[in-house]
Amino acid sequence: MRFRRARALMVGLDKGELLVQNFLTRDRFTCSGECLEFLAKLDDWHRPEDIFAHFPGVDGDSLADQVTELVGLNALVVEGTEQAAQDEVYRREWQWGPLAGQFHFMVRNTPFLVGKPARRFMQTRKALRPSPSLYQSNRGKKITPLPRTDVTREPFALMRRRRSERDFDGKPITLATLSDCLFAGNGIVDFIEDDDYGRLPLTMTPSGGARNPFEMYVYASAVEGLKPGFYHYAALTHDLGLVRAGSVDVPEMLGGQKWPEDASAIIFLVAHFSRSMWKYHLPMAYRIVMMEAGFISQNIALAATTCGLSAVPSGALKESVIETYIGNPPIKSAVVFSISIGKPKPKRRAKRKS
C-alpha cells in the first residue's frame, strides 16, 4: 500500500486557521502548520515505512492515525483506489491549474433555490439593499447622438422578437425545427487549413482558435419522429445518435426548476476542455470556453424564434445527473449550459372593464 498527497488540494485562511480543501471531492478541513508540512512532503508515492522515516521523532501510532484521517478526508489518496484514479485523471487532463480548477469543480452541482424559498430569499435581499441600476447613462459626458436603428429590418426585427418565454404548451415540435436549431448552434459549415494547427472546423458562431470545444446533446421529449430520450448531435454529418432511450426527471436535471417540464426538447452544451487546452495553456482560456456557450445559445434562440418557438437558456444544472445520462466523464468534459425549446402558450389578453 502506498500513499500520495491529492493533486486537487488548495490551502487558504479562514478565521485565522489554515483551511485545506479537495475541490474534486468537496472535502474541507482545518490543518496545523505541521500537518501542512507533512502533506507537502508526500508529493510522490510513499510506503508506510517511508512516511515513518520522514518523521523519526513522531510516535508511530499517532502518525498512523493521522494518515488514516487524511485518507478519509481525501487529502491523501491510496494507490489502486477509485479516488487515486480520479486524482490521476485530474493531474493528467486538467491543464489550466488549480485556480481555474477550484472554480470549475467547486460550482458543480450547486443547490438552487426555486419557488417559495427563492421568493423569500429575494425578499430578504431587497430588505438588505435595493437592486443596483441595470443600465448606465452618459449624463455629465460630452454626448454624440447615434442614428436610430431600424428595428423593422432584419436581423434586428428577429432579434427584437426573441424572448425567453418559459410557459411552454408541451406540444410536439417538428424534427426540421429541431434540426435548424442544432445547425444554427454548432453545425459545421466549412473548414480552414492551418500549417500549425491542421484542419479546423468553422461553425456559425465564433470559437477561440477555431478549437470548437462544444458538443451538443438533446433530450427530446416531444419531437415528431423521435422517441423520448437523449441524443448526440454530430455537427459534421448533421445527424442524431441515440445515447439513452426513455423519459427522465427534468426538474432533477435543471436545478429543481419545474418550467422546463413542458419543453419539447432541451439542448445541453458540453465542453470538451482538451480541445482548447491543446492550444491554450493559460487558465483564462477556461473563460473563453464559457463565453462560447453564450454565442451558441444565442444562435439557437434566434433560430427557434424564426420557427415560432421560445428558447430559454439556463445555467441551473445538476451536472452529475446529466453526465450520467449522456455518459460523459466529468473531468475531461462538463455540461455548462442548457437551452429549453418549445411552443409558447398563447398569451391571455387582459379583459377590459366596462
Side-chain angles (χ1 to χ4, degrees), residues 109-115 118 158-159 161-187 205 214-233 240 242-271 290 292-326 328 334-347:
N109 297 321
T110 296
F112 294 95
L113 292 175
V114 296
L158 173 64
M159 293 176 179
R161 293 201 312 272
R162 189 217 61 79
R163 289 291 180 269
S164 297
E165 298 182 39
R166 296 184 173 190
D167 201 7
F168 298 108
D169 67 6
K171 295 178 181 179
I173 61 174
T174 66
L175 186 61
T177 297
L178 176 61
S179 171
D180 287 347
C181 291
L182 294 170
F183 183 73
N186 210 35
T205 61
F214 281 97
E215 292 292 321
M216 297 199 305
Y217 289 79
V218 184
Y219 172 62
S221 59
V223 179
E224 294 173 2
L226 288 181
K227 293 181 179 180
F230 270 93
Y231 297 81
H232 169 252
Y233 173 64
L240 293 174
L242 179 63
V243 176
R244 183 187 189 276
S247 300
V248 300
D249 187 336
V250 170
E252 184 187 25
M253 294 192 300
L254 295 180
Q257 300 175 105
K258 297 291 186 181
W259 60 266
E261 285 185 307
D262 292 327
S264 301
I266 305 173
I267 300 171
F268 293 97
L269 306 187
V270 179
M290 297 301 107
E292 291 186 28
F295 302 147
I296 293 171
S297 64
Q298 178 71 352
N299 265 28
I300 292 172
L302 292 176
T305 302
T306 298
C307 298
L309 304 180
S310 173
V312 186
S314 177
L317 307 171
K318 190 66 177 290
E319 292 93 340
S320 60
V321 172
I322 302 166
E323 287 160 357
T324 298
Y325 290 146
I326 63 178
N328 273 55
V335 183
V336 301
F337 216 42
S338 72
I339 307 99
S340 300
I341 61 176
K343 297 177 182 177
K345 287 183 179 179
K347 292 182 179 179

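Quick note: numbers below take in every heavy atom, side chains included, and nothing from hydrogens, waters or symmetry partners. All residue numbers in this chain count up from 1 along the given sequence.
Considering only residues two or more places apart in sequence or on other chains, Asp262 meets the side-chain contact (heavy atoms from CB on, under 4.5 Å) condition with Phe168. The side-chain contact (heavy atoms from CB on, under 4.5 Å) search around Ala303 returns Cys181, Ala184, not counting sequence neighbours. Under the rule for a side-chain contact (heavy atoms from CB on, under 4.5 Å), the partners of Phe183 that lie at least two apart in sequence or sit in another chain are Val189, Met204, Tyr233, His238. Judged as a side-chain contact (heavy atoms from CB on, under 4.5 Å), and not counting sequence neighbours, the contacts of Ser338 are Leu254, Ile266, Phe268, Ser314, Leu317. Partners of Ser340 by side chain to side chain donor-acceptor pair (under 3.5 Å), not counting sequence neighbours: none found. Under the side chain to side chain donor-acceptor pair (under 3.5 Å) criterion, Glu215 pairs with His232, Arg275, not counting sequence neighbours. For Arg162, the side chain to side chain donor-acceptor pair (under 3.5 Å) partners two or more places apart in sequence, or in a different chain, are Ser164. Residues meeting the side chain to side chain donor-acceptor pair (under 3.5 Å) test with Ser320, sequence neighbours left out: Asn109. Listed by chain and number, the residues in a salt bridge (charged side-chain N to carboxylate O under 4.0 Å, His left out) with Lys345 are Asp167 (sequence neighbours excluded).
The salt bridge (charged side-chain N to carboxylate O under 4.0 Å, His left out) contacts involving residues 297-323 comprise Arg108-Glu323, where partners must be two or more places apart or lie in separate chains. Under the side chain to side chain donor-acceptor pair (under 3.5 Å) criterion, no residue pair touches residues 300-311, with sequence neighbours excluded. The list of side chain to side chain donor-acceptor pair (under 3.5 Å) pairs with a residue in residues 216-230, not counting sequence neighbours, reads Tyr217-Asn328.
Shortest non-hydrogen contact noted between Ala220 and Leu226 is CB-CD1, 4.0 Å. Heavy-atom minimum distance, Ser264 versus Ile173: OG-CG2, 3.5 Å.
Remark: side-chain polar atoms of Asn186 are paired, donor with acceptor, to backbone N or O of Phe214 under 3.5 angstrom.
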